[in-house]
Amino acid sequence: MPESPRRPLDRLPRRELLAGAAALAGLTTVGLLPGTASAAGRQRPGAARGPAPTPGDTAVTTRVSARRALRHLRVLSDDIGWRVTGTRRERRAAHYIAGTLRDLGYTVELQPFSVPDKKLAELRAGGEHWQSAAATLGAAGRAKGRVTDLGEATEVTADLTGRIALFTRVPGKEQAQAQAAAAKGARAVLLVNVRSTTYPERKAATFFPALEAPVQVPVLGLAEHHGELIREGVRALSLEVTAHTGLTSHNVIAERRATRPNPGGRAVIVGAHYDSVPGSPGGNDDGSGTALCLELARATRRLPTNQDLRFCLWGAEELGLVGARHYVKGLDDAAAARITGCFQNDMVATSHPAADTYWLLSVDGKPNTTTTAIAGAAERLGYTGRTKGPAARGSSDHEAFHERGIAAGNFSWRGEAPSQLEPVYHTPEDTVEGNISLERLQVSLELIGCAAYDVALNG
């Protein structure tokens, strides 16, 4: 990977600089800039019909680029990789995001908050390097050895001295499997997760084995994918379990003040979470939403607004919306009332074929400022055939804002039912190469960008 794409992103083409100057003059001449008239009038990717954009829409759509956003996504997912809450890699991601936004001219705050301790493991086999969750009541430390595959056994008769025991997880029997292997001399226990009966189409992610009593060797909860790779021919591996304690995560809060009088101090929030679950590089969940925010921050930084623009990247979403709830809890009533809408972007670029609908999701299923703005942008850009909602769904950071009475929506590519996600959700296979559609990322950029900018300019 290159060191960082931040500097090249700052060197805007001369046409973009001219467009920014025209926008600051009132958006009246954007359509006259070289090349922008044809770009604005061209049918959007996957749209059912041609667009009828406002000048504000044109100012956004002629600037945003999924390929530019992809540079950020590759840093987050390919370079940094798994960004588990409170760990060194999550901190690297927070500082990368903060540095990018500072370079773009935003005022940036890193907002710290405490998160729970955890045990995580890293495994190496040949040239492969994986991560998984580990049992709290299992041991920390290193282990190395040849692998013995015991399948779904819960009892062990063979001598496992110096070996690493590999099991297929038997839900509810993890303690028996781990104790049986440890009693026979195993140096570590690997429990390969199995698919849930609720969502059998989804591959099984890593998990924290819930032991009832301490086991004196490391006990890991492996993702299905890693179990498959080991069983395809890994004969020996090494691992290290680390106890992560006294952990801190961060929200990254970036703001650009309104360019026009804003006596009420109103603000529009565009947000995403940048953490990922153990074992997953978080390409779509939610590296895609984070990259979208960084690209929109670049595209809108010189556009005129009547409200402040705030880009918020949340930590610890995967622990239960911890970062967003921390932020909202810190707002007094006046500050909360000044937020006119929160556009939350979670999983905005999956390439899963069935996830062909862009959903407008509010906690109560009712329209609000954000869902209405997205629906309006979809109509103007010709995307109405690709969007549905509002539909009722929480389970992302918009829920924290809804609980405080702030208009908020979550925007995401999903299957026909909002509960349908891609098969590699929360797994090691949520990668840039395996699970990112540039076309869908471009649609997401245009819809969120045009909607949020419309609210900031006219709301």
Side-chain angles (χ1 to χ4, degrees), residues 81-82 84 87 118-196 202-244 276-281 424-431:
W82 49 80
V84 182
T87 64
K118 58 180 69 68
K119 283 182 179 175
L120 298 169
E122 296 193 30
L123 303 90
R124 296 182 185 272
E128 298 292 334
H129 183 198
W130 308 321
Q131 187 200 49
S132 80
T136 301
L137 293 180
R142 297 179 179 179
K144 182 178 181 180
R146 293 179 69 84
V147 177
T148 295
D149 189 352
L150 297 162
E152 296 181 342
T154 56
E155 297 179 359
V156 178
T157 57
D159 181 14
L160 296 177
T161 301
R163 312 282 289 194
I164 292 177
L166 179 72
F167 291 94
T168 297
R169 177 191 187 187
V170 179
K173 299 291 185 179
E174 296 90 347
Q175 182 77 36
Q177 291 178 303
Q179 280 186 327
K184 289 297 183 177
R187 291 179 174 173
V189 177
L190 312 181
L191 303 176
V192 179
N193 204 1
V194 294
R195 302 188 187 195
S196 74
R202 295 186 198 167
K203 300 193 78 170
T206 187
F207 70 104
F208 290 93
L211 302 181
E212 301 161 5
V215 175
Q216 299 308 310
V217 299
V219 181
L220 282 56
L222 263 60
E224 177 184 353
H225 178 64
H226 289 155
E228 291 172 346
L229 293 178
I230 292 171
R231 284 173 167 150
E232 284 173 2
V234 173
R235 295 185 177 182
L237 57 79
S238 63
L239 61 90
E240 181 174 9
V241 172
T242 302
H244 297 265
S276 70
V277 297
S280 175
V424 299
Y425 170 66
H426 277 183
T427 73
E429 295 172 275
D430 183 13
T431 63

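Note that this is a predicted model, so its numbers are computed, not measured. Throughout, residue positions are numbered sequentially from 1 according to the sequence presented.
Lys173 is listed as a side-chain neighbour of Thr154, based on a closest heavy-atom distance under 4.5 Å. Counting only heavy atoms from C-beta outward, the side chains of Val84 and Lys118 approach each other to under 4.5 Å. Proximity of Val192 to Arg169: side-chain heavy atoms (C-beta onward) are nowhere separated by under 4.5 Å. Contact of the Gln131 side chain with the Leu120 side chain is registered, since non-hydrogen atoms from C-beta on lie closer than 4.5 Å. In this structure, the side chains of His244 and Thr87 come closer than 4.5 Å at one or more pairs of heavy atoms. Side-chain contact between Ile230 and Leu237: present, with at least one pair of heavy atoms (C-beta onward) separated by less than 4.5 Å.
Leu160 and Ala165 get closest at one heavy-atom pair: CD1-CB, 4.2 Å. When all heavy atoms of Ala188 and Leu239 are compared, the closest pair comes out as CB-CD2, 3.8 Å. The two residues Ala186 and Val217 make their nearest non-hydrogen contact at O-CG1, 3.3 Å. Val189 approaches Ala181 most closely through the heavy-atom pair CG2-CB, 3.7 Å. Minimum interatomic distance between Val424 and Asp430 (heavy atoms only, all atoms of both residues): O-CB, 3.9 Å. Across all non-hydrogen atoms, the minimal contact from Arg187 to Gly162 is NE-CA, 3.3 Å.
Glu122 CD to Trp82 CH2: the interatomic distance, rounded to the nearest 0.5 Å, is 5.5 Å. Atom CZ in Arg235 sits 6.5 Å away from atom CZ in Arg146 (nearest 0.5 Å). Rounded to the nearest 0.5 Å, atoms CD (Glu174) and CD (Glu212) are 8.5 Å apart. Taking CD1 of Ile164 as the start and OG1 of Thr148 as the end, the distance is 9.5 Å to the nearest 0.5 Å. Here the CD-CZ distance, from Glu224 to Arg195, works out to 4.0 Å after rounding to the nearest 0.5 Å.
Looking at Gln177, its side chain does come within 3.5 Å of a backbone N or O of Ala153 through a donor-acceptor pair. Without hydrogens or angle criteria, Lys119 side chain to Gly138 main chain gives a donor-acceptor distance under 3.5 Å. Under a 3.5 Å cut-off, the side chain of Arg163 and the backbone N or O of Gly185 do not form any donor-acceptor pair. With hydrogens and angles ignored, the 3.5 Å screen pairs no side-chain donor or acceptor of Ser280 with any backbone N or O of Val277. Judged by distance alone, with hydrogens and angles left aside, the side-chain atoms of Gln175 form a donor-acceptor pair with the main-chain N or O of Ala213 at under 3.5 Å. Without hydrogens or angle criteria, Thr206 side chain to Ala133 main chain gives a donor-acceptor distance under 3.5 Å.
Among residue pairs with one or both ends in residues 142-162, none qualify as ring pair (Phe, Tyr, Trp, His ring centres under 6.0 Å); sequence neighbours excluded.
Between Trp130 and His226, the ring planes are parallel. Angles under 30° get that label, and only those over 60° would be called perpendicular.
When each of Val219, Leu220, Leu222 is paired with Leu191, the side chain to side chain contact (heavy atoms under 4.5 Å, CB included) condition holds for Val219 and for no other.
In this view, Asp149 and Arg231 satisfy the salt bridge (charged side-chain N to carboxylate O under 4.0 Å, His left out) rule, not counting sequence neighbours. Qualifying salt bridge (charged side-chain N to carboxylate O under 4.0 Å, His left out) partners for Lys184, counting only residues two or more places apart in sequence or in other chains: none.
Annotation: Glu228, atom CD; neighbour count of heavy atoms from other residues, nucleotides and ligands within 6.0 Å is above 12.
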